[in-house]
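Heads up: the structure comes next, in structure tokens.
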Amino acid sequence: MAPRLGLLLALLLAGAISAQQQQFMEYMERRFGALEERISQWHDQSSRYSTELREFKNQVITMLENMEKEQDRLRTEVENTAVRVDRLEREVDYLETQNPAPPCVEVDEKLMENQVSTAKKRKNEKYDKLTDCSDTISQVKAMKILKKFGSSAGLWTKDPVGSSEKIYVFDGSSNDTVYVFPRMREFTLFSATRKSARIKLPYPWVGTGHLVYGGHLYYIRQQGTFQVIKFSLANKTIVDSSVFPVEEQVPVFGLSAFNYIDIAADEEGLWAIYATRENEKNICLAKLDPVSLDTEQMWDTPCPRENAESAFVICGALYVVYNTRLPSRSRVQCVFDVSGAMTAEDAALVYFPKRYGSHSSMKYNPKERQIYAWDDGYQIIYRMEMKKKLEI
């Protein structure tokens, strides 16, 4: 009886174990089935994402290729436009040379009477030249745009006396800090002022009529009256100052309201270009002593202030540059020779080839025979072709 009972228990136990194993196997099959389904879904999603990524990549590549083609097309159009503009400018230069514009000189009968009455006096006050320089401008030989730096108005120049290669930059029409670059290369290559030294002046300047000459900086200060300050670049101190001996000054150039005195240098030395209310329609000229700042001689020129934007002196002759309120092409339209060796009719009508806005300063360098110009924030060099005055 006992063996049968044991066998029955064994059979029951084996059946229970078998049922549990069956349930476990079914559970595992369900879990594996769910896992396989999830793996299949992940595979499908991964394939779809991969396909979409591949399609997006192809779209981006196509867009980049189209952009490169468009860029090449635009570059070609710009180059063709530049060629056409250069050709047009050459044609305009030729036409203006063949048909020069008449000078913008308003006939003032009272001024003519004053000129006639003082003509004899002027003959007795002719300027005795210090050199044998007899050159005058024939044409602008070349132009070089160096860079765009600073404000729309400013001044940049070199010392025409000695061998220094330093570049002096006056940013703005009112400031007190001068930037000094060791050479033209540093000024041209670097957009920032980190490569420059800085000179802080004891008084701020006014206008853009300053000059570096013989190791000194000559600049204009306004304190009620206008003063010419002579500043030593070696010692960084004021050497001398002089009140300009003129009352009731007005802006010397009609298109540059911030300039009351423009100091210029040529083969003869230093000059001051200015205007007064007494003769406010025309520009005046004075010869300065660079040592003492004394005014040696003064002239009332026939060059009108109206539409004048700048001026410079070459071999004792004043060249006034004119433009219009809406900037067009700058041109030398009035020349006044203090020695009387050249009349306004003998001078060539000189056009400057290109512009951006308005010349706020034009500084002639007698050693290099070129002009350092500031044109709406662009620094430009004009190389001049000269002829003897008797050849014009």
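Partner E385 forms a side chain to side chain donor-acceptor pair (under 3.5 Å) with one of R369, Q139, K141 and no other, that one being Q139. For the side-chain contact (heavy atoms from CB on, under 4.5 Å) with H210, the lone residue among W205, Y218, F231 that qualifies is W205. Tested against E368 for a salt bridge (Lys or Arg N to Asp or Glu O under 4.0 Å), the candidates R383, K363, K158 yield a single pass: K158. Between F187 and the choices F181, Y179, Y168, the ring-ring contact (aromatic ring centres under 6.0 Å, His included) rule is met once, by F181.
Residues H359 and S310 bring no donor and acceptor atom of their side chains to less than 3.5 Å of each other. For the residue pair E309 and S358, a side-chain donor N or O sits within less than 3.5 Å of a side-chain acceptor on the partner. S242 and D294 share no donor-acceptor pair across their side chains, judged by distance under 3.5 Å alone. Residues D289 and S292 bring a donor and an acceptor atom of their side chains to less than 3.5 Å of each other.
The main-chain N or O of E36 is never found under 3.5 Å from a side-chain atom of S40 such that the two would form a donor-acceptor pair. A distance-only check finds a donor-acceptor pair linking the side chain of R305 to the backbone of E280 [under 3.5 Å].
One finds no salt bridge joining R75 and E79 here, because no Lys/Arg side-chain nitrogen approaches an Asp/Glu carboxylate oxygen to under 4.0 Å. The pair E268-K287 does not meet the salt-bridge criterion, since no charged nitrogen lies less than 4.0 angstrom from a carboxylate oxygen. Salt bridge present: K388 and D135 bring a charged side-chain N and a carboxylate O closer than 4.0 Å. Under a 4.0 Å N-O distance rule, the pair E186/K166 does not qualify as a salt bridge.
A continuous path of ILVMFWY side-chain contacts below 4.5 Å connects L64 to F56, so both sit in one hydrophobic cluster. Hydrophobic clustering (side-chain heavy atoms under 4.5 Å, transitive across Ile, Leu, Val, Met, Phe, Trp, Tyr) groups F352 together with Y364. Using a 4.5 Å cut-off between side-chain heavy atoms of Ile, Leu, Val, Met, Phe, Trp and Tyr, with links allowed through other members, V350 and I314 fall into the same hydrophobic cluster. V239 and I263 fall into different hydrophobic clusters, defined by Ile, Leu, Val, Met, Phe, Trp and Tyr side-chain heavy atoms under 4.5 Å apart, directly or through other members.
Applying the 6.0 Å contact sphere to CZ of R48 captures more than 12 heavy atoms from other residues, nucleotides or ligands. The 12-atom threshold is exceeded at CZ of F258, counting heavy atoms of other residues, nucleotides or ligands nearer than 6.0 Å. Residue-environment remark: CZ (R73) exceeds the threshold of 12 foreign heavy atoms within 6.0 Å. The environment of M28 atom CE is dense: over 12 non-hydrogen atoms of other residues, nucleotides or ligands sit within 6.0 angstrom.
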Query raised in the report: What do the steps show when you test V206 against R221 for side chain to side chain contact (heavy atoms under 4.5 Å, CB included), and what is the final call?
Result: CA-CA 6 Å; V206 59; R221 179 198 180 197; 5.8 Å; no
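Annotation: ring pair (Phe, Tyr, Trp, His ring centres under 6.0 Å) contacts of Y372 (sequence neighbours excluded): W156.
With a 4.5 Å cut-off on side-chain heavy atoms, D300 and N282 do not count as touching. Counting heavy atoms from C-beta on, the side chains of F244 and T225 never come closer than 4.5 Å.
Taking all atoms of both residues into account, the shortest heavy-atom contact from L201 to V178 is CD1-CG2, 4.0 Å.
Between F312 and Y319, the ring-plane angle classifies as parallel under the 30° and 60° cut-offs.
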